Every structure is written in structure tokens, then in C-alpha cells.
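The structure is given below, and queries will be raised subsequently.
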Amino acid sequence: QADPPKQLRIAVIIGNGPESAWDGTFLEALERVKKAKPHDLTITTKVSDPLWGNDVESAMRLYAQSGQFDIIWGHSTYSDQIAQLKDEFPDLMFVMTGSGNAPLGGNVYWNYKRVHEPAYLLGVLAGHATTSGVVGSVGTLPADDVNDEINAFFAGARSVNPGIVTKVAFIQSWYDPAKAAEYMNSQIAAGVDVMFSLVDNFSPCDEHKETVVCIGNFRDDWQRSPRILSAPLALWDPDIERLVDVWYDHEANGTPYAGNTQMLWSTMAEGGAAVASFHGRESLVPAKAIAAFEAAKAAYDAGKLQIPLDVSLPVSK
Amino acid sequence: MDALLDNALLISVFVTMLRSATPLLLSSIGELAIQRAGIWNLGVEGTMLSAAFAAYAVVVATGSLPLATVAAVLVGALVGALTSMLTVALKLDQFVTGLAINLVASGLTLYLFRSNHAVFSAGNFTGFAPVAVPFLADIPVIGRIFFQQRLPTYLALALIPLAWFFLHRTRQGLELRVLGENPKVLQTRGIAVAPRLWLIIVAGSGLTGLGGAFLVLGLSDRFIPEITAGRGWLVVVALVAGNWSLFGTITAVFAFAALQAIASHAQVLNLPVPYQFLLALPYIASLATLMIFRSRSGQPAHLGLRDIGK
Amino acid sequence: MRIITRSGPSVTWSIAVYGAAAVVGLLMTIVLISISGAPVGASLVALGQGAAGSPASIASSVVKATPLILTGLATCVTYRAGLWTVGQESQVVAGAAAAWQMSLWTTGMAPVVVIVLCVLAALAGGAALGALVAWFRTRFGISEIVSSMMLNYIVFFALAWLISGPWMASGGTASYQQTGLLERAYWLPNIVDVGKMHIGVVLALIVVIWLQVLLKRMPLGYEIRAMGFNATALSQRGVDKRRLVLTVMVISGVIAALAGVGEVFGVSHRLTGDNLSGMGFDGIIIALIGGLSPLGTLVAGLFFGALHNGSLFMNVITGVPTALVTAIQGVVLILFLIAGAVRRYRIERA
Amino acid sequence: MTLHRPVLRAVGLTKRFGSVVANDDVSLDVAAGELHCLFGENGAGKSTLSAMLHGELQPDAGHIEVDGRRTDFRSPADAIAEGIGMVHQHFVLARALTVIENIVAGTSRSGWRLGLTEARERLSRLCGDLGIAIELDAPLWQLSVGEQQWVEILKALYLDARVLILDEPTAVLTPQESGKLFGMIGKMRDRGLAVVIVTHKLREVLQADTITVLRRGRKVGTLDGRDATVESLTRLMIGGDLASSPARSSNSPGRVAVQATGLMAKGSWGETIVDDVSLMVRSGEIFGIAGVAGNGQKPLLEMLAGIREPESGSLLIGDRQLEGLSAADFMRAGVGIIPEDRYAEGLVGPFSIAENIILGRHRSKDLCRGLFIAGDRVVAKAEEAMRRYSIAAPAINTPVSRLSGGNAQKVVLARELDQASVLLLANQPTRGLDIGVVATVHEELRRKRDEGVAVILVSEDIDDLFDLCDRIGVMFAGRIVGIVSPETTSRDIVGSMMVGRAPAGGATCA
Ligand SMILES: Nc1ncnc2c1ncn2[C@@H]1O[C@H](COP(=O)(O)OP(=O)(O)OP(=O)(O)O)[C@@H](O)[C@H]1O
Ligand SMILES: Nc1ncnc2c1ncn2[C@@H]1O[C@H](COP(=O)(O)OP(=O)(O)OP(=O)(O)O)[C@@H](O)[C@H]1O
Ligand SMILES: [Mg+2]
Ligand SMILES: [Mg+2]
């Protein structure tokens with residue numbers, strides 16, 4: 001048995017860029033974990049440019065061949081590329097995240113991120129906060145881990161307000177804030193007064209100051225607009241820690257890798273997600289909305305509230 | 001479709017149309033001047049993108065909206081100067097030059113964005129907010145549609161008659177049109193063509209830059225690589241579809257913006273069609289329109305030709 | 001001193017001018033690298049190693065270059081004919097999508113049959129899209145630049161619908177915009193056992209040679225070049241312009257479609273929303289840098305394919321953003337354009 | 001008449017383009033009220049001289065004097081300021097703009113506002129003085145070629161020219177219009193204007209007060225208009241005598257080569273541009289078509305060449321009905337066409353001489369080998385053409401865009417004469433060419449006729465038609481208004497038919 005490892009070197013490949021919520025929240029969590037030094041490990045990281053497709057395989061291969069990394073963390077839909085490498089580098093641990101991946105098992109771990117639970121709670125809030133009875137959401141592209149939060153948000157709203165009307169739109173682009181603004185504005189015109197925005201643009205919230213309250217997504221963007229009340233937060237810390245544990249166990253104790261073949265994510269209870277602070281903006285919505293939210297959250301914390309997971313394509317209702 | 005006819009929604013369609021037409025209008029008026037002067041400038045996308053980038057960099061650095069706007073116009077003009085150098089001074093192929101400019105703009109903005117992540121992810125600024133015009137804004141319907149817009153929208157609308165007046169009622173405007181038809185007419189009267197082309201390209205690109213800036217300062221709260229998302233190309237398409245006439249171009253821009261506004265509003269209706277179809281609708285409808293309305297080409301006779309005088 | 005136009009090109013002067021352009025390009029590269037804060041020397045070494053430092057990186061560069069060369073060739077043939085289409089992007093997708101549909105229809109047949117049918121379907125898909133642009137132009141007088149731009153968007157959304165609806169993968173994830181993974185037996189076979197050197201590489205080379213010969217030696221190529229310079233004179237001498245426009249657009253569609261099927265069946269093995277995007281526009285640039293000649297396009301495609309691959313290495317090793325290559329591509333294009341113009345002049349003492 | 005001291009003097013002007021010396025020590029005096037003609041073969045340097053006098057080109061040596069003052073024109077603006085106006089050899093007009101816009105563009109008379117009231121007044125006065133009737137607000141493309149020439153003259157006079165330089169103004173005018181132009185020139189001279197005119201037409205040269213003859217860039221003589229004769233001018237111009245052209249051959253026409261019945265064509269706005277034209281030409285016959293440009297000659301020839309599809313009518317060429325078929329079918333039937341605008345319609349500029357020689361026949365069996373164009377056969381063909389038509393060019397791979405106008409025309413001739421085995425269509429084949437090249441072209445047309453080919457020749461030059469043709473049809477407003485025999489009809493009658501007046505008694509309709 002070798003000495004327990006002192007150092008963990010992680011190569012990270014991202015798909016969108018640190019400015020995106022998906023990658024940004026992950027990189028922040030990574031820094032926190034580095035500071036926390038699990039198992040007393042010194043963790044070093046190297047983060048690539050946003051890469052897609054075959055380029056990912058080239059970059060991963062390079063990281064793998066360099067022998068300078070222990071974990072190759074592909075932070076997107078990279079199972080095709082990892083499948084080409086995993087058997088060539090059996091001692092390396094590969095991670096891939098999010099939807100669109102295929103389970104590979106062995107030395108490949110597949111981590112999901114679901115924030116549907118906080119989204120549901122914020123939906124409860126929205127169900128009470130809306131005066132028009134219409135809530136809406138604009139997304140980039142539909143996917144498993146996008147649909148879940150939109151559906152949960154609507155389900156939460158509907159749970160307290162069965163007659164509520166829901167509006168949803170996708171802009172089919174990662175990159176078009178101007179188009180995102182138009183789609184949000186269209187929903188606002190259709191009566192939406194609580195907007196769950198997944199498109200990384202909050203300027204329409206500012207424009208409709210009197211009427212609209214916005215919910216951000218994944219990260220706490222509260223500084224970007226005074227109309228942002230909260231957001232379902234993605235916290236990757238437990239995921240990273242769990243996988244670091246796996247790696248440590250493998251290195252220190254020789255436990256073979258056994259990558260998950262089922263989707264795996266940390267729940268809100270496990271710290272994988274949270275509701276962002278209201279930053280003192282509770283007055284944006286009626287007190288009863290806050291109260292209902294607090295009640296639901298308490299029920300969840302007490303294990304009394306089961307939040308349903310629905311990944312079907314959300315539709316306007 | 002009842003809901004579409006709903007008053008608030010209908011007004012919103014028009015408001016959206018005007019707002020999302022704004023960057024296209026500003027840029028297409030700038031480009032119209034350039035193309036009517038005979039320069040087949042395809043670098044609109046790159047010009048808008050560079051200006052949008054500059055606007056964001058400056059607004060984040062200084063927090064000043066006027067400064068950011070000026071910076072965007074200046075950067076647009078700078079791209080115009082590069083275009084002029086390549087097409088007027090060196091007489092390079094204008095189509096190729098435009099593509100090269102787009103590529104450089106796309107590559108450099110992305111590169112600078114990625115190299116300075118700390119600066120560019122710290123987006124928090126106040127952009128153009130809607131300004132209600134006193135009294136006029138209170139007119140029912142019309143007031144909501146026309147008089148509660150952002151400053152650049154008013155500017156774009158005001159530029160339409162101004163541009164017409166300039167092109168058709170001033171000496172400089174006439175000379176600009178003559179340049180696009182036959183620059184020799186001016187040359188044989190002893191007028192140096194090149195400096196004029198420089199001026200037109202630089203000024204037109206500055207206006208194009210303003211259009212690009214609006215994408216960041218008016219419609220968004222941050223810069224994202226490729227934020228123009230093909231709008232520069234839509235400007236070129238509007239010019240061609242509008243037959244290089246000012247009103248044709250403006251009509252094309254509004255028609256397209258209207259189709260997009262309808263498409264975005266239709267998504268709230270839960271229509272039984274895939275949402276991708278609604279997204280594609282403006283493009284399908286544009287093609288269909290071009291198939292139905294064929295008109296005599298108003299293309300400037302000297303557009304894209306390289307035998308420009310010294 | 002005066003600047004005057006040369007009567008004919010001078011070889012020494014040309015070499016000097018293009019050499020100067022290359023040096024300036026290199027200097028700009030160095031400036032850009034230092035802007036990003038990375039060490040210049042190490043970055044350049046990484047760039048070179050990634051581009052051509054080992055058999056594997058050479059193979060990878062070639063695979064990267066293949067679709068660029070093909071879309072570049074699709075550009076050569078249209079631009080030489082004076083058809084300024086920007087629809088290579090959608091032709092690539094149409095080719096890949098048609099091939100995908102064919103693979104669904106033929107599942108279970110012998111791999112050779114499936115692959116051949118899929119490639120043929122791709123050709124048909126690209127041809128159809130090219131023909132559409134030709135039809136818009138000859139029947140409705142719609143400028144090809146406008147119609148091809150519109151078709152790019154329409155095809156993009158159509159693909160988005162296909163991969164999120166009828167073709168969506170039913171795999172590990174409930175919903176994601178991509179098709180399933182192509183069965184391994186139907187992957188394009190590799191020509192050598194390094195990386196993903198699939199037979200598409202050979203096809204691209206064949207197309208380069210064919211197009212070079214076509215343009216230089218064959219009546220159709222003669223017509224294509226003549227149409228690019230003076231379509232009126234050509235059609236008055238008995239050549240049917242509509243048919244020629246159609247032929248050119250179909251050829252370009254077919255070539256671009258090869259890029260699509262090569263990428264999907266040889267490299268990514270599934271269709272997603274973005275694994276084909278940008279290829280058409282890159283091809284336009286490659287063709288322009290290659291002077292709209294098939295051989296030039298081959299060289300430019302290989303060069304920038306290698307640079308692209310090198311930029312991945314550089315990013316991994318020294319952290320320079322990969323966008324460097326895009327920026328450099330544009331800078332090189334402009335420098336070469338300037339060099340081409342300067343080549344025509346000489347400086348004379350008064 | 002009294003000649004005043006010169007308003008404009010050129011003193012020892014020299015201009016080089018690379019190795020070409022376009023003007024070599026050329027001196028010239030132009031006096032107020034004088035009509036001064038510049039005469040010389042193509043490429044003699046007339047346009048170059050004019051361009052220097054108008055400040056568009058700067059001389060390498062020599063200088064220009066205005067009113068005895070030495071001046072230094074750095075741009076046309078300087079020349080215009082000295083009262084020198086110029087009408088260029090090729091129109092310098094913006095076709096999409098209106099007449100008045102063309103005239104005022106680039107002048108600073110109107111301030112920054114485009115106030116056209118004053119311009120309108122000035123122009124209507126000018127038009128009245130010169131007897132020009134023109135719609136100032138008409139877009140230029142609606143104007144006939146002649147009217148466009150008036151616009152060019154108005155452009156120069158609008159700027160108060162004292163010296164008016166006209167570079168080949170009559171090349172595009174009908175005889176009537178040319179007459180009218182010389183009438184105007186007379187009025188200008190009476191008002192003290194000096195007029196410098198460039199022309200290839202001897203009849204016009206002889207009307208000048210002074211004639212300066214250029215040859216290969218050098219001034220070879222200055223003649224008093226009263227002393228000059230056709231012979232003396234020709235000898236000066238080409239440095240020898242012109243081979244006399246053979247008389248019209250008397251061989252009798254053969255079988256019907258082309259029979260057109262009821263041809264109709266419509267323009268791009270649906271207007272009728274060829275109206276029920278029927279004609280029959282036999283092999284071994286030259287059929288002339290007289291008419292002012294724009295009266296349907298061009299679309300008629302295009303229909304006869306299969307380039308334009310007739311709205312209705314039938315067309316028999318050789319022994320085949322060809323209406324509705326493609327240009328390629330017409331070519332197979334043995335039709336060749338020398339188009340009006342050689343660079344726009346006949347040649348591919350950047351292509352070499354050799355490539356242009358095979359244009360349209362690049363798929364024929366005798367030029368191809370298998371799937372490929374046989375390079376050696378093309379070379380052989382091109383070399384033969386260069387020899388046969390003495391095309392002056394460095395090599396067969398010289399791009400035609402670098403050839404002079406005359407040599408470019410010879411490339412077209414070489415190809416089309418070879419092509420035309422049954423019918424040769426020629427639209428103004430000698431426009432802008434000097435008499436040397438004109439003679440070659442005429443000789444070739446006659447030779448073709450003698451070979452038994454039917455030739456249809458469109459020309460605005462009645463003299464040419466009378467010299468060459470067996471019969472002449474006159475076109476006006478899209479119709480053939482009469483067919484006459486040059487032997488029994490006078491030029492004046494044809495001239496009046498061309499402007500729409502009914503043929504007088506002498507015309508015989510064939
Ligand atoms: N812009 C130019 N650049 C280079 N060479 C030119 C240019 N223009 C004309 N030339 C050269 O000048 C020569 C004669 O040109 P031009 O058309 O004036 O001839 P020309 O005297 O009218 O001939 P022709 O008598 O045959 O009509 C050509 O051989 C050509 O090589
Ligand atoms: N821009 C130019 N570049 C090079 N050579 C030129 C240029 N312009 C004229 N030349 C040369 O100068 C000579 C004189 O040309 P110019 O145009 O003055 O002739 P021209 O007498 O007006 O002929 P034409 O009767 O055909 O109009 C030509 O033969 C040509 O070789
Ligand atoms: Mg000439
Ligand atoms: Mg001349």
C-alpha cells in the first residue's frame with residue numbers, strides 16, 4: 001500500500017466559458033474546495049478554453065498523456081470523447097457533467113446538476129407573488145437539466161395557485177442576449193409578472209420595474225438588477241467533494257473505480273443546490289409569498305415535502 | 001390567435017418591433033450610405049461586433065453611458081477606416097475585405113474577451129433606459145409604442161427622414177449617390193473621390209457601430225462573444241431586399257423586426273407547432289416575400305467595382 | 001520617389017512582399033500571445049508541436065483540415081463562377097442530415113451498403129440545397145447571398161427541431177438536442193490507424209485534384225471561370241446560364257455535403273446542434289486565403305487545420321485562448337490581401 | 001473670320017505610360033472662336049492630349065498656357081476654373097440619376113442645399129441658346145444616346161467653359177444628330193468659344209478651321225481646314241496611302257439563308273421594342289440595317305442570333321426552323337455575331353486571346369480530347385487567328401483586357417467569322433475604330449459575303465452601309481420602315497427614314 005496522496009491535480013475542460021452560469025458556478029466551487037483541502041490534499045487545477053466536439057478529445061488526450069493530472073473533469077456533454085480515452089488511461093479518473101451524456105462506468109463518473117428543488121420553492125413563492133396569475137420562463141435550449149427546473153418552478157407555483165398560467169419560450173441559442181430580451185418582453189406583455197430567466201439577461205426586468213420580479217438561474221446575480229429577488233443556486237461543492245473522495249479512496253486504498261451508470265446528483269438537502277439570498281428585497285413581493293416560501297422550505301428541510309422531478313419539455317399552459 | 005389580438009400583446013408586438021429594429025435601423029442607414037457610394041461593404045457584422053465590444057469595455061471601465069456610446073462609434077469608425085484603407089486605397093476586392101473584417105472582429109473580440117476574463121465577467125452597468133416623451137407618451141397606444149422607447153430608437157427614427165433629406169436634397173448627398181453610380185462624373189470635375197469615400201465609409205461605419213453598441217447598451221446587460229448573432233448580415237440582406245432605396249431598406253428592416261416580434265409573442269401562445277418553426281418564421285417569410293415581390297434592381301451601378309480613383 | 005504600377009509581376013518582389021506579410025503575421029501573433037499574458041516562446045513551441053509535432057498531431061491536423069478544405073472547395077467553385085453564396089454552412093448540415101436519415105432507413109444492412117448509401121444521401125442533400133439557391137436566383141432573381149443566408153437560418157432551426165424531436169437520442173438523458181450515437185459498424189473506416197484519419201480525408205484530396213483539373217482543363221471549368229468574369233458574353237455564346245448556375249450550386253452543395261457526412265460519420269458519430277457550425281464560414285475564409293484555387297485551398301486548409309490543432313495544445317499548455325487562431329486567420333487574410341495589392345506596385349526614384 | 005490670339009496653348013507636351021509614349025512633344029494653339037480638330041488613328045494620343053488639357057493627366061514634360069499665362073493643372077478642377085470644359089470619348093454619366101442631377105453633381109454652385117431652381121433657369125437658357133430640347137427631370141437611362149451627348153455638352157457649358165474639348169462626340173451620333181452638333185458648335189464659335197474636337201470622320205474634320213494631325217503620339221502636321229483634303233489627311237495620319245477598297249462585288253445572291261417572319265420582342269417593362277419585323281436575306285448578300293441606335297436593331301440581331309427569345313414570329317436559318325431554340329442551336333446552325341459592345345458582350349476580359357477565340361466552341365469535338373479541352377489545338381487555332389488577322393499582342397496568352405480596342409475587335413472578328421458559315425450578324429463593328437482597322441473589317445465582311453455567307457450589318461454610318469450593302473433596311477421604332485437599294489436611293493432619303501419620316505418617292509421597297 002502506497003503512502004496516502006498529498007496532491008490532487010485536476011484538468012478541467014469547459015464548454016461555454018467562465019462567464020456562463022454553468023461553468024462559472026463550477027469554477028467558484030472548485031476554488032472553495034481547494035481552500036477546504038479535503039483529505040489534506042493540495043489541489044491544483046488547470047482550466048481550458050471552452051471546447052467542443054473533437055477538440056475536446058484532443059485536449060483531453062493531451063492532458064492524459066502529459067501524466068500531470070489525476071482527474072480529467074469534462075464539464076459538459078463529453079461522453080463521446082471520454083469513451084475514446086477511458087480504456088486507454090484506466091488509472092485516470094474522468095468526470096463528465098450534465099445532460100446529453102451516456103453512462104460509461106469504470107473510471108468515468110457522471111455528475112448531474114439539478115436545481116429543481118430550489119426552483120420549486122421559488123415557484124411556490126411566485127405562485128403567491130403573481131398578481132396577474134401568469135408566470136413565465138425563458139430558456140436557451142431545452143435539455144433534461146433545463147426542463148427539470150422550469151417544470152419544478154411551474155409545479156411549485158401551481159401547487160399554491162392551481163389556476164396559474166405558465167408561459168415558456170426557448171431562444172435556441174447560447175449567445176443572443178438581445179433575442180433573450182425580446183422573448184422575455186413578449187412574455188411580460190402576455191402578463192407574466194414573475195419571470196424565471198435562464199438566458200443570462202436581466203435588462204427587461206429593469207425595464208418593467210413596476211411590475212416584474214425576476215428569478216435568476218444557477219448563480220446569485222442579484223447585483224445585475226434591483227428586480228432580481230433570488231435564484232435557484234447550483235452548488236457543486238458536494239459533487240466535487242464526493243468525487244475527490246472516490247479518487248482518494250482509489251489512490252489510498254486501491255478501491256477500483258466504479259463510475260455511476262445512473263444519473264447522480266446532490267440534492268438541496270445534501271447541499272447541491274440552494275435558494276439564493278433575497279438580499280433584503282423581500283418587499284418586491286407580498287409578505288404572504290415570502291411566508292409561503294418559508295413554510296415550504298421548512299417542510300422540505302423537515303423532509304416532509306417531496307419535490308417531483310419532471311424532465312419533459314415544458315410548455316405554455 | 002385571439003390572444004395575439006389582445007390589446008396589450010398587440011402593443012407589445014409593435015414596441016418590440018421598434019426596439020429590436022433599432023440596431024438594424026442605425027446600422028442599415030450607415031451601410032446604405034456606404035453602399036450607395038458604391039462600396040459593397042460586407043463587414044457590417046464585424047463592425048457592429050467590434051463596436052459592441054468597445055461599448056461594453058468602456059461602460060464597465062468607466063460606468064459612463066455617453067463615453068461608451070462615443071467609444072462604440074469611434075471603434076466603428078476605426079473599422080471603417082480599415083475598410084477604406086483596404087478597399088479605397090489598396091482597391092482590394094470589397095466582398096473579400098468585408099469577410100476578412102468580420103473574421104478579424106470575431107477573432108479579436110473573442111480573444112480579448114477570453115484573455116481578460118476578470119474584466120469581462122464583471123458586467124454591471126446602467127444602459128439606455130426607456131425615456132417617455134412628455135405628453136406624447138400619454139397618447140393611447142401610439143404613445144406606448146413610439147414614445148416610451150430608448151434614446152437610440154428615437155435617434156434611429158429621426159435619422160430616417162434626415163437620411164432621406166441628406167441623400168436627395170443636399171449637394172453632398174447627390175455626390176454620394178453619383179459616387180455609387182459613376183465616380184468618374186466627380187473625378188472629371190476635379191473632385192478627389194478617395195477622400196470622400198473615406199469620409200463616407202468612416203461615418204457610415206460609425207453609425208453602424210452605434211447600432212452594435214445598442215445591442216449591449218440597450219438590449220442586454222453584458223457582452224457575450226458573437227453578441228451580434230448575424231444581425232450585421234441581416235442589414236446586408238435588408239439593403240439587397242430593399243433594393244438599396246432608403247425606404248425599401250427601412251421597410252425590410254421593419255418587416256423583419258415585425259416578423260421576429262410576432263414570432264417571439266407567438267411563443268407565449270402555446271401553438272401546436274415546434275417552437276423552432278416560430279424561430280425560423282421570419283427567415284421563411286422573408287424569402288417568401290422576396291419571391292413574390294420582384295422589382296427592378298436599384299443596385300448602384302458602381303457597387304463593388306474596384307476602379308475607384310486616387 | 002513615386003509609386004507606380006508594375007506592368008507584370010516580378011517573382012523576387014512577390015516573394016519579398018509575401019515574406020513581409022508572413023513576418024508581420026508572426027509579429028501580430030506574438031503581440032496577441034503576450035496580450036494574454038502567456039510566455040511567447042513556450043506558446044509558439046506548443047503551437048508548432050500541436051500542429052505537426054508528432055504523427056498523432058499531424059493526423060489530427062489533417063482531420064481538422066478536411067472539412068475546411070471541402071467547404072473551401074465548395075467556395076472556390078461558386079466564387080470562381082461569380083456566385084457569392086454564403087450557404088456552405090447549411091449545405092454541410094443538409095448533407096449530414098440527409099446521411100443521418102439514410103442511416104436510420106438502412107439500419108441493419110451491410111456496413112458497406114449503409115456507408116455508401118449514406119454518402120450518396122449526403123450528396124443529394126447538399127445538392128438539393130445548392131439547387132434551391134440556384135432556383136431562387138434564376139427563377140425569382142433573388143441574390144444568392146440573401147437566399148443562402150436565409151437558408152442558413154432555416155436549416156439551422158430545422159436541424160434543431162430534428163435533433164430535439166424525431167431524431168432525439170433516447171439514451172442516458174431524457175432530453176438533449178442530439179441524435180443517438182451511430183453504430184460503430186457504420187463509422188467511416190480509417191485509412192491509417194492514427195487518430196480519426198477516416199476515408200473522408202482521401203475523398204477531400206480527390207475533390208481537390210478533380211476541381212483543379214475541372215477548372216483548368218475541362219469545358220465546364222472553362223465555363224465556370226468565364227461566367228465569373230463575364231456572364232453576358234458567355235451566355236451569348238450559347239452557354240445556358242441558368243443551367244450553369246444550377247450546376248455550380250449543385251457541385252458546391254455536393255462538396256460541402258461531403259464535409260458534413262465526413263464529420264458526422266467519421267469524427268463525431270452523431271449529430272448535435274453545434275458540431276457542424278462555423279464550418280461553412282471557415283471554408284469561405286480558407287478559400288479566399290487560398291486564392292480561390294483548389295490547390296491553394298488545400299494548402300490554406302492544411303495550414304489552418306494545423307494551426308487550429310496547435311492552438312488546442314497551446315491552450316492546454318500555456319493557456320493562450322484558442323480564439324488566437326480565428327484572429328490570426330483574419331489578420332493573415334488581410335495581410336495577404338494587402339500583399340497581393342502591393343505586389344502590383346513598385347517604387348521608383350523620381 | 002478673324003482668329004484671335006490663342007486662349008489655350010499646349011507647349012511641348014509629353015506623356016508616357018510605362019514604355020508607351022502616348023504624347024511626344026506635342027504643341028498646339030487654340031484660339032477663341034476657332035474649331036480645332038485633332039485627327040489621328042486609334043492610339044495616336046488624341047485622348048491623352050485632351051486629358052492633359054483638361055487637367056486629368058499631368059504632362060511629363062511641357063506645359064499649358066491659358067490666355068498666355070503658364071498654368072499648372074493638377075486636377076480637372078484647375079482646368080474648369082480656367083474655363084476649360086470637356087466631353088469625354090465615353091459617356092461620363094450616372095445613368096440612374098436625372099439629367100439635372102448629372103449636370104449639377106460636383107459643382108458647388110448650389111451651396112450645401114440642393115437648390116435646383118437657379119440651375120434650372122441657367123440650363124433652360126443654355127438649352128434655348130443651343131436649340132436643345134431635353135427633359136431635365138428625366139432619369140438618364142431613358143434618354144437616347146444622342147440626348148445623352150447633349151447632356152454631356154450641357155455639363156461642360158454649365159460651368160462657363162470658354163474652351164470646349166469634345167473627344168469623338170459623333171462616334172455615337174446619327175448623321176442628323178452630328179449635323180445638329182455642328183450647328184451648335186457654330187453657335188458656340190459665334191459666341192467666342194474655342195472648340196477642340198476629336199473625330200475619325202473625314203467629312204467632319206474638313207469642317208474645322210485648323211486640323212492637328214497626330215501619329216504615334218507625335219504631331220505630324222497642322223493644317224488650315226481650307227487647305228486640307230481627304231488624301232492629304234489620310235496620308236498624314238497613316239504615313240502613306242490607304243489601299244483602295246474593292247468595289248461591291250456583283251456576284252448574284254444565292255439561296256435564302258435567313259427568313260424571319262413577324263418577329264416581336266418586348267423590353268424589360270413590357271414595351272414593344274421589335275414590332276412585327278420580317279426580313280429575308282440570301283447567302284452571298286450583305287443586308288444593311290440603318291437606324292438610330294435604340295430603334296430595335298440590337299434586339300432584332302439578338303433574336304437572329306438566338307440570344308433573345310422572340311415573343312412571336314418564326315425564324316428560318318439555313319434550312320432549319322430555329323425559333324424558340326437556344327443560342328447554342330443557332331451557333332450550330334452556323335450563325336455568328338459581332339456584338340455592339342465588344343467588351344461587355346463579346347469578350348471575357350481577363351481571359352487570354354486563345355481562351356476568347358474558343359468562347360462558345362469550347363465543347364466542340366475539334367477542340368476537345370475526351371473530357372478535356374485540348375490545349376495544343378487551342379494554341380494552334382489562336383496562333384492562326386493572330387496571324388490571319390494580324391492581331392498585335394505580345395502572345396496568345398495575353399489577356400484581351402490589355403489589348404487596344406482595335407485588336408480586341410479583331411479577336412471577336414476572328415472568332416465570329418470562323419463561326420459564321422451561314423449567317424453573320426454585325427452590330428456597329430467599326431465604331432470608334434480608325435480608318436485602317438475599319439478597312440480591315442470591311443474587307444472581311446466582303447470576303448465573308450463572297451464565301452456565300454449572308455451578312456446582316458447594323459450601322460448608324462450611312463456611308464459605310466452604302467459602300468458595303470446590297471440592300472438596306474431602315475429601322476425606326478422597332479419596325480423596318482422600308483428596304484431600299486443603295487444603287488437607286490440617296491443617302492438623304494435613308495437619313496430621313498431613320499428619323500421616322502416616310503420614305504420619299506425614290507425609295508424602292510424590296
Ligand atoms: N490601363 C491600361 N493599363 C495598361 N496598359 C494599357 C492600359 N490602357 C491601355 N493600355 C495599353 O495601351 C495599348 C493601346 O490601348 P488603346 O485602347 O488606347 O489602343 P488604341 O490605340 O485605341 O488601339 P486600336 O488602334 O487598336 O484601337 C494596349 O495595347 C494596352 O496594352
Ligand atoms: N492609362 C494608360 N495606361 C497605359 N497606356 C495608355 C493609357 N492611356 C493611353 N495609353 C497609351 O497611349 C496611347 C494613346 O492613347 P489615346 O487614348 O490618347 O489614343 P487616342 O488617339 O485617343 O485613340 P482613339 O482614337 O482610339 O481614341 C495608346 O496607344 C496607349 O498605348
Ligand atoms: Mg482606342
Ligand atoms: Mg481616344
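Computed from a prediction, not measured in an experiment: that's the story for all the values here. Chain A is the first sequence line, chain B the second, and so forth, proteins listed ahead of strands; every chain is numbered from 1.
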- Message: I need the A/D200 CG to B/S220 OG distance, nearest 0.5 Å.
- Response: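 Rounded to the nearest 0.5 Å, the CG-OG separation comes to 8.0 Å.
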- Task: Could you check which of B/L279, B/V216, B/I224 has the highest count of heavy-atom pairs closer than 4.5 Å to chain A?
- Result: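 Counting heavy-atom pairs under 4.5 Å, the top option is B/L279.
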- Query: Which atom names give the shortest non-hydrogen contact between B/Y275 and A/P142, and what distance separates them?
  - Reply: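 Closest approach of B/Y275 to A/P142, heavy atoms only: OH-CD, 2.9 Å.
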- Message: Heavy-atom pairs under 4.5 Å with chain B: which of A/P204, A/S173, A/P50, A/A181 has the most?
- Response: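 Of the options given, most contacts go to A/P50.
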- A/D49 side, atom CG; B/Y111 side, atom OH - distance, nearest 0.5 Å: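 A/D49 atom CG to B/Y111 atom OH measures 9.5 Å (nearest 0.5 Å).
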- Query: Do you know which of B/R231, B/Q267, B/Q276, B/R150 has the most heavy-atom pairs under 4.5 Å to chain A?
  - Reply: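 Max contact count across the listed options: B/Q267.
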- Task: Output yes when a side-chain donor or acceptor of B/S12 lies under 3.5 Å from a complementary backbone atom of A/S186, and no otherwise.
- Result: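 Between the backbone of A/S186 and the side chain of B/S12 there is no qualifying donor-acceptor contact (under 3.5 Å).
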- Can you tell if the side chain of A/P18 reaches within under 4.5 Å of the side chain of B/R114, non-hydrogen atoms only?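 They are in contact (side-chain heavy atoms under 4.5 Å apart), so the answer is yes.
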- Tell me, side chain or backbone of A/L313 under 4.5 Å from chain B's heavy atoms, or both, or neither?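 It is neither, since no heavy atom gets under 4.5 Å.
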- Flag the one option from B/I227, B/V15, B/T228, B/L278 with the top tally of heavy-atom pairs under 4.5 Å to chain A.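 Sorted descending by pairs with chain A, the first entry is B/I227.
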- Who wins among A/K317, A/Q187, A/K179, A/Q172 for the most heavy-atom pairs under 4.5 Å with chain B?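 Max contact count across the listed options: A/Q172.
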- How far does CG of B/L219 sit from CD of A/E207, to the nearest 0.5 angstrom?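 Here the interatomic distance stands at 9.0 Å.
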- Task: Decide if atom CZ of B/F14 counts as having more than 12 heavy atoms of other residues, nucleotides or ligands within a radius under 6.0 Å.
- Result: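 Check fails, neighbour count at 12 or below.
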- Query: What distance do B/R222 atom CZ and A/R224 atom CZ have between them, rounded to the nearest 0.5 Å?
  - Reply: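 Interatomic distance, B/R222 CZ to A/R224 CZ, rounded to 0.5 Å: 4.5 Å.
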- Task: Mark yes when over 12 heavy atoms from residues, nucleotides or ligands other than B/F277 sit less than 6.0 Å from its CZ; otherwise mark no.
- Result: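 Result for CZ/B/F277: open.
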- About how many Å separate OG of B/S264 and CD of A/E182, when rounded to the nearest 0.5 Å?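 Here the rounded value is 6.5 Å.
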- Contact origin within A/V168 toward chain B - heavy atom pairs under 4.5 Å: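 Contact with chain B: backbone only.
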